[in-house]
Amino acid sequence: MAGQYNPYQNMLDVLDEAAQKLGLTKNDYVTLRTPERELIVSVPVVMDDGRTEVFEGYRVQHSSTRGPCKGGIRFHPSADLNEVKALAAWMTWKCAVVNIPYGGAKGGVKVDPAKLTRDELRRLTRRYTAMILPIIGPEKDVPAPDVNTDANVMAWIMDTFSMFKGYAVPAVVTGKPLEIGGSLGRKEATGRGVMFSLLNLLEKLVRSPRGMTVAVQGFGNVGSIGAQLMQEKGFTIAAISDAHTALYKQDGIDIRAAMAYAEKNNRSIKGYSEPGLTVISNAELLALDVDVLFPAALENQINKDNAAAVRARIIVEGANGPTTKEADEILKTKGVVVIPDILANAGGVIVSYFEWVQNQESFMWDEDYINNNLEKVMKRAFDEVWRVHETAGVPLRMAAYMVALERVVKAKKLRGVFP
Ligand code: NAD
C-alpha cells in the first residue's frame with residue numbers, strides 16, 4: 001500500500017533475520033534481496049465516453065531460481081511498485097515453503113475497478129496483458145487472480161496471450177474458468193488452504209475447532225470461502241468485514257447467507273442483516289475477544305498502532321503481509337501464534353500449480369484428488385515449518401522463512417551466478 005509503510009522493506013527485514021539465523025553470509029543470498037526483473041507499463045484505455053485514460057501497471061519477477069515465476073495480478077488504487085515487489089518476493093518464499101517448482105512474481109494495475117464498466121475493465125486487462133506479454137508465458141511467468149481480479153479477468157488474459165501466439169495457451173495463466181482449462185477446486189483453494197493450516201495448528205496444540213470463535217477481515221475470495229469452510233468444520237464465525245462495513249454476532253454469522261447477499265450486492269456485505277447482528281468498525285473487529293483472527297484483505301492491517309489491542313490468541317494470515325514486523329514483535333510478547341501468510345495462504349498457488357500441470361498434460365483431475373493433494377502438501381509444509389519452529393525456537397513466520405530461504409539458496413548455489 002502507498003504511504004509511509006514500505007512492504008518491501010518489511011520483507012527484507014524478515015529475510016535478513018532468517019538468513020542470519022541460518023548462518024548464511026550476505027553472498028549466499030544477496031541476489032534474493034533484489035527482484036530479477038521489474039517492469040512498469042503504461043496502460044491506455046479508451047473509456048466508454050470516448051476519453052483515453054492512462055493507468056500505471058507493473059509486473060515484477062522476484063526469482064526464477066526454482067522454476068517459472070508465479071504470482072497473481074491485483075487491480076487496486078493503492079497498487080504501487082513497492083507493494084508489487086513485496087508481493088512478488090512473498091511468492092518466491094511461498095512456493096519454496098510448500099516446495100512447488102516455481103519462483104515468485106506479482107503484477108498490479110493502479111486502478112479502482114469499481115469505477116470501470118465491464119467493457120472498460122476488459123480493455124484494461126487486455127492492454128495490460130499486451131504490455132507485459134514479452135515477459136509472461138507458461139515457462140516464464142504465470143499470472144493468477146489476486147485482489148479485484150477473478151476467473152473472468154484470467155479468461156481475458158488467456159485469450160489476449162493466445163491471440164498473439166496464434167493458438168490457445170491455457171497454461172499462461174491459472175485461476176481460469178473451468179471451460180477454458182481452469183481447475184476444479186482453484187476458486188476455493190486459498191480459503192481451503194487457510195482452513196487446513198488452522199486445523200494443522202490445532203492438531204499440534206491438541207485443540208478442537210468446536211466452540212472456537214473467528215473474526216474475518218475481508219470478505220472476498222479468500223475471506224468468504226475460508227470462513228465458510230471453517231464454519232463447516234465447527235468454528236463459530238463471530239465477525240466479518242469488507243472495505244465498507246464490519247459485522248458482529250457473538251454466536252455466529254450465517255456465512256452462506258452473507259455470501260449469497262454479497263453476490264447480489266456488488267460483492268459487498270454492507271446492508272446484510274440477520275437477527276442479533278451488529279455493525280462495528282474494522283478497528284473493533286481486529287480487537288475482538290475471539291480465538292482466531294483471520295485477516296483476508298490487504299497488507300499492513302495489524303501494525304504497531306493496533307497490535308497491542310489484538311485479543312485473539314491465533315492469527316491465520318489469509319492476506320499477504322497483513323502483519324508488519326513491528327506488530328509481530330508485539331504479538332510475540334503477548335504470546336499470539338501467527339500462522340504466516342507464506343504458509344497459511346499457499347493453497348491458492350498450490351492448486352494453481354495443479355492447474356498448470358493439468359494444462360500441460362491436457363488432462364483434468366477430479367476435485368477430490370485435487371483437494372486431497374492440497375491437504376497433503378499443506379500438511380507436509382506445516383510439519384516442516386513446525387519442526388524448525390521447535391528446534392530453532394523461533395516463531396512460525398521465522399521458521400517458514402528459514403525453510404523457504406534455505407531451499408532457494410540451495411537451488412541458487414547449484415545453478416550458480418551467470419555467467
Ligand atoms: P478480493 O478482491 O476477492 O477480496 C478482498 C476483500 O478485502 C474484499 O471483501 C474487500 O472489500 C476487502 N477489503 C479491502 N480493503 C479492506 C479494508 N481496509 N478493511 C476490510 N476489508 C477490506 O481479494 P482476495 O483474492 O480475497 O485477496 C485477499 C488477500 O488474500 C490479499 O492480500 C491477497 O493478496 C491474498 N491472497 C489471495 C489469493 C487468491 O487466490 N485470491 C491467494 C493468496 C493470497
Side-chain angles (χ1 to χ4, degrees), residues 1 3 7 70-79 83-84 86-91 93-95 98 104 106-108 112-114 143-154 173-176 182-183 185-194 197 215-228 239-247 258-259 261-263 265-270 272 280-286 293-303 306 316-323 340-353 355 374 378:
M1 288 180 75
K70 186 86 189 78
I73 289 173
R74 173 177 294 196
F75 291 166
H76 198 275
S78 64
E83 179 184 71
V84 177
L87 289 161
W90 286 326
M91 287 306 298
W93 312 129
K94 192 179 301 181
C95 293
V98 295
K106 203 83 178 193
D112 183 355
D146 192 71
V147 174
N148 291 329
T149 57
D150 58 12
N152 276 321
V153 172
M154 299 307 116
V173 72
T174 57
K176 297 178 294 292
S183 176
R186 171 60 186 92
K187 186 173 163 219
E188 300 81 9
T190 309
R192 176 166 281 121
V194 173
S197 54
V216 190
Q217 186 203 40
F219 204 67
N221 173 278
V222 179
S224 66
I225 293 173
Q228 182 207 328
I240 55 177
S241 74
D242 65 14
H244 314 286
T245 191
L247 308 170
M259 285 169 86
Y261 178 90
E263 188 71 38
N265 290 278
N266 249 338
R267 307 205 305 152
S268 177
I269 46 170
K270 191 172 170 65
Y272 174 71
I280 57 171
S281 69
N282 240 308
E284 285 171 319
L285 179 140
L286 295 175
L293 191 55
F294 170 20
L298 297 169
E299 303 86 77
N300 191 25
Q301 296 302 302
I302 305 166
N303 49 50
N306 62 8
V316 60
E317 294 184 333
N320 285 306
T323 313
D341 47 8
I342 60 170
L343 177 62
N345 71 34
V349 75
I350 293 168
V351 177
S352 273
Y353 167 59
E355 179 176 333
L374 168 64
M378 294 290 303

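Note that the numbering runs from 1 along the sequence shown for the chain. As the structure lists them, so they are numbered: ligands from 1, and atoms in each ligand from 1. Hydrogens, waters and symmetry mates are skipped; everything else that's a heavy atom, side chains included, is used.
Ligand-side atoms of ligand 1 in range of Gly218: 7 (O), 12 (C), 21 (N), range being under 4.0 angstrom from any heavy atom. Close approach of ligand 1 to Phe219 is summarised as follows: ligand atoms under 4.0 Å from at least one heavy atom of the residue are 6 (C), 9 (O). Of all atoms in ligand 1, numbered sequentially from 1 with element shown, those under 4.0 Å from a heavy atom of Leu298 are 15 (N). Near Gln217, with a cut-off below 4.0 Å to any heavy atom, the atoms of ligand 1 are 19 (N), 20 (C). Using a 4.0 Å cut-off to heavy atoms of Arg186, the atoms of ligand 1 that qualify are 40 (O). Numbered from 1 in the order shown, with element, the atoms of ligand 1 that lie under 4.0 Å from a heavy atom of Asp146 read 25 (O), 33 (C), 34 (O), 36 (N), 37 (C). Of all atoms in ligand 1, listed by their number and element, those nearer than 4.0 Å to a heavy atom of Arg74 are 31 (C), 32 (O), 33 (C), 34 (O).
For the pair Lys270 and ligand 1, no heavy-atom separation below 4.0 Å is found. Ligand 1 lies out of reach of His244, whose nearest heavy atom is not under 4.0 Å from it.
Ranking protein heavy atoms by distance to atom 26 (O) of ligand 1, first place goes to Val222 N, 2.9 Å. For atom 3 (O) of ligand 1, the nearest protein heavy atom (residue, atom name, distance) is Asn221 N, 2.9 Å. The protein heavy atom nearest to atom 2 (O) of ligand 1 is Asn148 N, 2.8 Å. Counting only heavy atoms of the protein, atom 31 (C) of ligand 1 lies nearest to Ala297 O, 3.1 Å. At the top of the distance list for atom 4 (O) of ligand 1, counting protein heavy atoms only, stands Gly220 CA, 3.2 Å. With respect to atom 14 (C) of ligand 1, the closest heavy atom belonging to the protein is Ala243 CB, 3.8 Å. Counting only heavy atoms of the protein, atom 44 (C) of ligand 1 lies nearest to Asn320 ND2, 3.4 Å. Ala296 O, 3.4 Å is the protein heavy atom nearest to atom 28 (C) of ligand 1.
Proximity of a side-chain donor or acceptor of Thr174 to a complementary backbone N or O of Glu355 within less than 3.5 Å is not detected. Of the possible polar contacts, one joining the Gln301 side chain to the Glu299 backbone as a donor-acceptor pair under 3.5 Å is found. Although no hydrogens or angles enter the test, the distance criterion places no donor-acceptor pair under 3.5 Å between the side chain of Gln217 and the main chain of Pro295. Between the side chain of Asp242 and the backbone N or O of Ser268 there is no donor-acceptor pair closer than 3.5 Å.
The residue Met91 has no part lying near ligand 1, judged by heavy-atom distances below 4.0 Å. Residue Asn345 touches ligand 1 through backbone and side chain together, judged by heavy-atom distances below 4.0 Å. Contact annotation for Ala144 and ligand 1: no heavy atom of the residue comes within less than 4.0 Å of the ligand. Contact annotation for Thr190 and ligand 1: only side-chain heavy atoms (C-beta onward) come within less than 4.0 Å of the ligand.
Among residue pairs with one or both ends in residues 144-153, those qualifying as salt bridge (Lys or Arg N to Asp or Glu O under 4.0 Å) are Arg74-Asp146, Lys106-Asp146; sequence neighbours excluded.
Phe75 meets the ring-ring contact (aromatic ring centres under 6.0 Å, His included) test with no other residue; sequence neighbours excluded.
Within the 4.5 Å cutoff, the side chain of Leu87 has heavy atoms near those of the Trp90 side chain. Between Pro145 and Val153, every side-chain heavy-atom pair lies at or beyond the 4.5 Å cut-off. Side-chain contact between Asp341 and Pro322 is present, with at least one heavy-atom pair separated by less than 4.5 Å. In this structure, Asn148 and Arg267 have side chains that are in contact, with non-hydrogen atoms separated by less than 4.5 Å. Between Asn265 and Lys270 there is no side-chain heavy-atom pair separated by less than 4.5 Å.
Inclusion of Asn282 in the set of residues having an N or O under 3.5 Å from an N or O of ligand 1 is warranted.
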Item to complete: Show the numbers, then the answer: is there a side-chain contact (heavy atoms from CB on, under 4.5 Å) between Leu298 and Val147?
Response: CA-CA 8 Å; Leu298 297 169; Val147 174; 4.1 Å; yes
Discussion item. Determine whether Val173 and Ile73 satisfy the following criterion, side-chain contact (heavy atoms from CB on, under 4.5 Å), listing intermediate values before the conclusion.
Written reply: CA-CA 10 Å; Val173 72; Ile73 289 173; over 6 Å; no
